[in-house]
J.: 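Encoded as structure tokens, here's the structure I'll be asking about.
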Amino acid sequence: MPKEFEKRPKSLVMKAKRPTGDAVKSAQLNILEGALNEQQLAAVTTDEPCALVLAGAGSGKTRVITYRVAYLLAQGVRPGNILLATFTNKAARMMLHRVEDLTNVPQKRIVGGTFHHIGHIFLRKYADLLGYSRDFTIIDEQDARQLMKVVRKEAPVNFTQKLFPSARLLLKMHSLSINTGQSLDELLVYRFPQFARFIDEIGRVITAYIERKLKRNLMDFDDLLTCFLRVLTEHADAAQAISGRFQHVLVDEYQDTNLVQAQTIKALSAEHGRVFVVGDDAQSIYSFRGANFENIRNFTDDYPNAKLFKLETNYRSTPQILELANEIMRGVPEEFRKLLRAVRSPAERPSVLVCHDAEEQAQFVAEQVLSLREEGIPLPEIGVLYRNHRNSLELELALSRAGIPYEIRGGLRFIEQAHVKDVVAFLSVLANPRDEVAFSRVLDMCEQVGSKTIARIFEKVMPASEPLKEFIKDGAPALARGAGRKSLEALAELFRKLDAMRKEGAGPSDLIRQVVEDFYDAHLLRTYENYAERREDLEQLAIYSQKYRSLRSFLTEVALNQGFTVAEAFAEDAAEEGRVSLSTIHQAKGLEWSAVFVTQMVDGNLPHRMCLNDPSQLEEERRLFYVAVTRAQRHLYLSYPQNTDTRDYLAFNRPSRFLQELPHTAYAHFVVEFSEDDGGSGD
DNA sequence: CTTGGGAATTTTTTT
DNA sequence: AATTCCCAAG
């Protein structure tokens, strides 16, 4: 290990607070000792270069990784030498904020975020090594599907198109193949046998898709990972510069990394081997995205020197909740089973509630929330979880009826709404005119312009070195006749204006307002019924974008930081008493509430019906249930409706097999009935 | 060629 | 139940 690094003056980091290194160290250790238990302290202060922290739910995982960063800083490690990879950008912000509190090191000085975010940072610098230009555009899933659709149509596939996989499916195959390291052939045989006969054709379409992205300077989400890895493995100079910089690599939620991410960590740490990894294999719930919990289970194979730490004290939940959680995981192989020790005092058993239908279930949740509030549990301490977004409908209704403020995590993302994407597309074209997805979206808004005209325009414009100039100047509008021509001319005029504004230093919000004023407003008016609402959204977008000076930084933020939802964007802040959280279980990862409702515990929903035939997917559903249950500190309610009302028939539900597998002693069983005006009643 | 409407298909979780 | 696909009228 490089001696030089070890000797760096400790005062550098802590200058603001305490001048001498030793004083810093002992002060820091005091803080640590008060804040951490023995196991946590051992992990945080280890001298081993490579460490794996296996941390059960609620055992202080986040705390450990946060304090580890603070500890390293106190040891004299420069903030710039630390890399913190987390599962969401929000998580990174929270951790680094905490680090700032502990050490006074501003969070901005440490590189932290998702692998996508980190990859993006360096690709802006090194993308040209891969044949991309550095001002590439990031496309989201929808855009990617659009592009794949185009490529698929163009491909010389002679089969009756119906039997050939859809664009969506092609993307999924491609993505899984990359992220799991399986060849397309293998993947098709094992996961999509019905398409195995199209191997060659599928391969060709996917290759065309990859080439097209490169040609148009577009990167999809997977590219941010794979291209970054390619920089690290194929370009020694760049790799040296990057990995030389990050002397300490820390990874949170390691159980949800995929092969590409694991290889990235490996490449980053190849020289110094200083890796600090935290995770819990029992909480691996992202295999549909290529995540592989073998990464964490086999960590010591990949890193033979790794020192293993286990955190087994659970600070979060009551013994009753933990007992139930342990029952869920009863089946996992012994070597990986964790013994979680509860330190909280005993309380009520978790409840299982049988409701008549989804409405009554929602009503029950609403009333129970009210009585929890009576007991003194504030609304932000209550979480309502479900398997998929659609399950939130009845809950929203019941909560609003009861006058309970709530916020929804996930759901339709603000920027994924059609009208917002429309307006953003104008800016995307401005930033990267070769972005054919955005460009055709814009063209498509012109009246009397359809796919044929768009194709003709592209044919003329795309080969040019500056497609947008070509479009504006060379009369691409002339390619259409009549009304189509008129609207294209209006569009060209708008782009002329935007381009000029941009040269004069206009920011994203100016551009957005201009687009809306000159062009989009009219489109909005004739296309949508709820004109006013959507118009309001766009004003919100303009306001939101004021934070960004450059077009590129705004577009990147929009593409990568999709965290905020429609509800969130409009949440009037500072509601005096806060809000109840509604969330999918996936999005609840890493969070906790005093009281947790897990709703729709119906076989076919949790576990989801699509998973029933595949044992490994079924196990993942079980882990999902485990994650849901372990979010609860004190009160846990598991509920399911007995009937599902579709429009024309009534279905009887089976309770989730996960419920049926639990021993009856683990919970209290209730049948919820609303006979008069309120209340569930005992069995 | 565009557009709108009716038919067919698909259905989870997210960066 | 909602999105995507296809076809036929204008």
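Bear in mind the structure is a predicted one, so any value in this text is a computation, not a measurement. Each chain gets a letter, A, B and so on, in the order the sequences are listed, and its residues count up from 1.
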J.: Would you say Arg390(A) places a side-chain N or O within less than 4.0 Å of OP1 or OP2 belonging to dA2(C)?
T.: no
J.: Output all residues satisfying side chain to side chain donor-acceptor pair (under 3.5 Å) with Asp614(A), sequence neighbours left out; order by chain, then residue number.
T.: Ser616(A), Gln617(A)
J.: Quick one: Leu443(A) CG to dC1(B) P, roughly how many Å, whole number?
T.: 15 Å
J.: Whole Å only: how far is the CZ atom of Arg631(A) from the P atom of dT13(B)?
T.: 19 Å
J.: Run the salt bridge (Lys or Arg N to Asp or Glu O under 4.0 Å) test against Arg441(A) and tell me which residues pass, sequence neighbours left out.
T.: Asp422(A)
J.: Of the candidate nucleotides dT14(B), dT13(B), dT11(B), which contains the atom at the shortest distance from the side chain of Arg168(A)?
T.: dT11(B)
J.: Under 4.0 Å from OP1 or OP2 of dT14(B): is there any side-chain N or O of His389(A) that close?
T.: yes
J.: For Glu489(A), check salt bridge (Lys or Arg N to Asp or Glu O under 4.0 Å) against everything at least two apart and list the hits.
T.: Arg485(A)
J.: Do Phe458(A) and Phe439(A) have their ring centres less than 6.0 Å from each other?
T.: yes
J.: Look at Ser166(A) and dT9(B) and indicate whether a side-chain polar atom (N or O) is within less than 4.0 Å of OP1 or OP2.
T.: no
J.: Please verify the inter-ring angle class for Tyr126(A) with Phe122(A); under 30° counts as parallel, over 60° as perpendicular, anything in between as tilted.
T.: parallel
J.: List for me each residue that meets salt bridge (Lys or Arg N to Asp or Glu O under 4.0 Å) alongside Arg216(A), sequence neighbours excluded, and say none if there are none.
T.: Glu436(A)
J.: Looking at dT15(B), dT11(B), dT13(B), which one has an atom nearest to any side-chain atom of Arg289(A)?
T.: dT15(B)
J.: Pull out every protein N or O sitting under 3.5 Å from an N or O of nucleotides 2-4 of chain B, one pair per line with the distance.
T.:
| unit_1 | atom_1 | unit_2 | atom_2 | d |
| --- | --- | --- | --- | --- |
| dT2(B) | OP1 | Gly450(A) | N | 2.4 |
| dT2(B) | OP1 | Gly450(A) | O | 3.4 |
| dT2(B) | OP1 | Thr453(A) | OG1 | 2.4 |
| dT2(B) | OP2 | Lys452(A) | N | 3.3 |
| dT2(B) | O5' | Gly450(A) | N | 3.4 |
| dT3(B) | OP1 | Gln448(A) | N | 2.6 |

J.: Can Tyr286(A) be called stacked on dT14(B) when the rule is centres closer than 5.5 Å and an angle between planes below 30°?
T.: no
J.: OP1 or OP2 of dT14(B) versus the side-chain N and O atoms of Gln587(A): is any pair under 4.0 Å?
T.: yes
J.: Is Lys149(A) touching bases, backbone alone, or none of the nucleic acid, heavy atoms closer than 4.0 Å?
T.: sugar-phosphate
J.: Measuring from the side chain of Thr88(A) (C-beta onward, heavy atoms only), which nucleotide among dT11(B), dT13(B), dT15(B) has the closest atom?
T.: dT15(B)
J.: Between Phe288(A) and His608(A), is the gap from one ring center to the other below 6.0 Å?
T.: no
J.: For Phe115(A) and dT15(B), give me the distance from atom CZ to atom C1', rounded to whole Å.
T.: 12 Å
J.: Starting from P on dT15(B), measure out to CD on Glu141(A) and report it in whole angstrom.
T.: 10 Å
J.: Considering residues at least two apart in sequence or located in another chain, which fulfil the side chain to side chain donor-acceptor pair (under 3.5 Å) criterion with Glu360(A)?
T.: none
J.: Leu169(A) CG to dT3(C) P: how many Å, rounded?
T.: 19 Å
J.: Atom CG of Leu171(A) to atom C1' of dT4(C): distance rounded to whole Å?
T.: 15 Å
J.: Specify the residue among Phe87(A) and His608(A) whose closest nucleotide of DNA chain B lies further upstream toward the 5′ end.
T.: His608(A)
J.: Round to a whole Å and report the spacing from CD of Glu416(A) to C1' of dA2(C).
T.: 16 Å
J.: Output the rounded distance in Å from CG (Leu488(A)) to C1' (dC1(B)).
T.: 13 Å
